[in-house]
Amino acid sequence: MPSKSSEFHPSIKTQNTNETTDRKTDVGQGGETHQRAADGQRLTTAQGVPVADNQNSLKAGARGPTLMEDFHFREKLFHFDHERIPERVVHAQGYGARGYFETTDPIPDLTSAHLLQEKGRKVPAFVRFSTVAGNKGSMDLARDVRGFAVKLYTEEGNWDIVGNNIPVFFIQDAMKFPDLVHSVKQAPDRAFPQAQSAHDNFWDFISLMPEAMHMIMWTMSDRAIPRSFRFMEGFGVHTFRFVNAQGDSNFVKFHWKPKQGLQSVVWDEAVKINGADPDFHRRDLWHAIQSGDYPEWELGVQVFDDAFADRFDFDILDPTKLIPEEDVPVRIIGRLVLDSVVDNFFAETEQVAFCTQNIVPGIDFTNDPLLQGRNFSYLDTQIKRLGGPNFTHIPVNAPKCPFAHFQQDGHMAMHNPTGRANYEPNSWTEGGPRAEPETGFTSYPEAIEGEKRKIRADLFADHYSQARQFYRSQTKVEQDHIADALVFELSKCEVPAIRERLVAHLPNIDADLAQKVADGLGLASVPQAHEPRRKVIEDLPASDALSILKNGPGDFKGRKLGILVTDGIDGGMLTALRDAVEEVGGMVEIIAPTVGGITTAKGAEVAADQKIDGGPSVLYDAVAVLASPEGVEKLKGMHPAKCFAADAFAHAKFIALGGEAKSLFTAAGVSEFDDGVFELAKKEDCAGFVEACGQLRFWERQA
Ligand code: HDE
């Protein structure tokens, strides 16, 4: 038996809080310690048997073999060995949070969906953001599409909008999805590269798939390297149907618009963030929610009818096309707020099972061939991942409205029917649930006719017109980033023929782009363009909604200023800067030569959040450096401090300089200071700097 307590660790961190607490410690037979948690719970096996020793396995003698009869030891290892479930075959790396959806502009004229009938109707929501290609545990800032999957627990069942942060997709028919995913994930023979598309297999496949060209413009843009999950849009991608109570149907596309505005990082930052903080996006979402700065999106719908569908230049069933907001405006009908982090990552984020076929009365599918394939695939994948047909019994997947059916048994059945009736019709008094023809889900009675053939609709064959429209809707800076990204990715292809085959698509999109990429790859000339299967529409008007920079926030709310400080600085200036940032809803992190912090000129101690090596400027939206004469000399001798300055400048960040900080930048190779660099001579200068930071980047510097 454990003997009386003695001091071991004076204080130990408790689970789930940052508080520390004293714990009682028991000393066991061999002098080993058993700390008893403050809540006094006793340790048991999974069968509830109390455990006496959680340190040693049962042995035949102190130096003898371990005995098989140690059921506690065997159960503990058995359970540990089975902790993992198969990761998602795509979107393996993700992060979830809880919140709610609220209807702000009801649309009963368009849909009978219960949730959208009245202003103020509110339901719980679960959202999982993800990257697509990387395996579970891969870094957050890979160049990749982001998943944006939303589960709304409505009063008429779960409605999942399993979307992405890009409104179009690589392929038109679900038949090609396994090929696409195989091409981008690790090659089967060498098992790398991981979480990136910059390799031969991906570009080999893409260069042979002209239908991917529109999506490629998006993935080579900064949309594929978002600054935060909070600052990206979400899209349902496919065309769905709204059906109202009278049975009238319209087409609809779903949009999530971030209240925080759009923002991405630049590629060189993404590369460095992946080293400095591979969990950058997950940490960001966690901190924002924990600090009460709840991210919010508006739900917008583009609603259109058959007449629009018939006159539109493209097929509305084609998931490689979008409908410009200028053609069909986005009507805002609700808001999604994420206000709670999960209690347990595995229970919720890992086990959440999104299914495109989870729709509610008032919503319906269209014949988009990608959506049709997904409706089969998502249910199928849950059986593999979650081990059986009862994954809806897991709390995160269970409806939060009443539900009743005759499904029974199977692995891990948690909701089991009581009574005798498990079939229908039956004549028992307690005979269980019955279908409701009036209010239950009915499919829109779309008339269908056609030959049974493996075939694609003619209009799907226009692969370049919207790619061109997207490219021409970007600002100059954004166009340059697309060209740079293509050059970077294709430069990682070892086979010259693959590079050239891809570049031969670009003249169909934009001649300048083709030239820039050809130059960047060192090609002698732009290769002969592939013959488009349909004539490219060259004069589609530019759409501002497609640009990130035209849809920024205009203020610094929810953004982070990194302040690099040294001993001997003006503490008043630091306080003024912090106040100015917090005034606009921004955050501040202090970076110092040591994590112990610094002492100001007046002797006040300032704690640091990061030691300089752990807080490179890529982690911040803007930076300030406050340095005393002695302090700046020390910084100049530190490679990470010089990188902090050089990177902030190269990444077009707004920079504030206090005290002697300027000479750090000079030492880091910055010779010309532009209007994006602010000198903080007096406290009043802080507000002007923070206001400028609302533009997020001083792009003139890159030009
Ligand atoms: Fe998915 N997709 N997908 N996908 N997808 C999965 O389902 C699939 C597609 C998307 O956070 C898988 O539960 C097929 C388009 C998101 O849990 C799988 C096709 C879009 C998530 C699957 C597509 C998406 C997934 C893997 C072509 C944007 C993550 C695990 C027909 C509109 C959901 C899982 C989460 C996940 C199949 C195409 C978005 C295998 C067959 C287009 C956001 O079932």
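Sequential numbering from 1 along the given sequence is applied to the chain's residues. Each ligand, and each atom within it, is numbered from 1 in the order the structure gives.
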Measuring from non-hydrogen atoms of G163 to any atom of ligand 1, is the shortest distance under 4.0 Å?
yes
Carboxylate-amine/guanidinium proximity below 4.0 Å for E233 and R223:
yes
State which residues pass side-chain hydrogen bond (donor to acceptor under 3.5 Å, both in side chains) with E326; sequence neighbours excluded, sorted by chain then number.
S543
How would you list, by chain and number, every residue that makes a salt bridge (Lys or Arg N to Asp or Glu O under 4.0 Å) with D222, sequence neighbours excluded?
none
Would you call E350 and R88 a salt bridge, using N to O less than 4.0 angstrom?
yes
Closest non-hydrogen protein atom to atom 34 (C) of ligand 1, residue and atom name please, with distance?
T381 CG2, 3.3 Å
Any cation-pi pair here, K122 with Y100, using under 6.0 Å and within 45°?
yes
Answer yes or no: is there an ion pair linking R227 with D284, defined by an N-O contact shorter than 4.0 Å?
yes
Test of understanding: given a 4.0 Å heavy-atom threshold, classify the contact between V237 and ligand 1 as side chain, backbone, both, or neither.
side chain
Which residues share a salt bridge (Lys or Arg N to Asp or Glu O under 4.0 Å) with R98, sequence neighbours left out
D343, E348
In the protein, what heavy atom is nearest to atom 17 (O) of ligand 1, and what distance, to one decimal place, separates them?
R88 NE, 2.7 Å
Would you tell me whether T103 and R121 have side-chain atoms, one donor and one acceptor, within less than 3.5 Å of each other?
no
Check: R385 N/O within less than 3.5 Å of ligand 1 N/O
no
Starting from atom 13 (O) of ligand 1, what is the nearest protein heavy atom, named by residue and atom, and what distance separates them?
Q382 NE2, 3.1 Å
Which ligand 1 atoms, with their elements, are less than 4.0 angstrom from a heavy-atom of A174?
31 (C)
Only one of F254, F251, F235 clears ring-ring contact (aromatic ring centres under 6.0 Å, His included) with F240; which?
F254
Which atoms from ligand 1 have a heavy atom of F354 less than 4.0 Å away?
11 (O), 17 (O), 33 (C), 35 (C)
For the atom pair CE (M217) and CD1 (I509), what is the distance rounded to the nearest 0.5 Å?
4.0 Å
Could you please give the number of protein N/O/S atoms within less than 2.8 Å of atom 1 (Fe) of ligand 1?
1
With nothing but distance in play, are any N or O atoms of N164 less than 3.5 Å from an N or O of ligand 1?
no
Would K176 and D179 pass as an ion pair if we require N to O under 4.0 Å?
yes
Would you say ligand 1 has an N or O under 3.5 Å from any N or O of R128?
yes
Could you tell me the residue and atom name of the protein heavy atom closest to atom 40 (C) of ligand 1, and the distance to it rounded to 0.1 Å?
V89 CG1, 3.4 Å
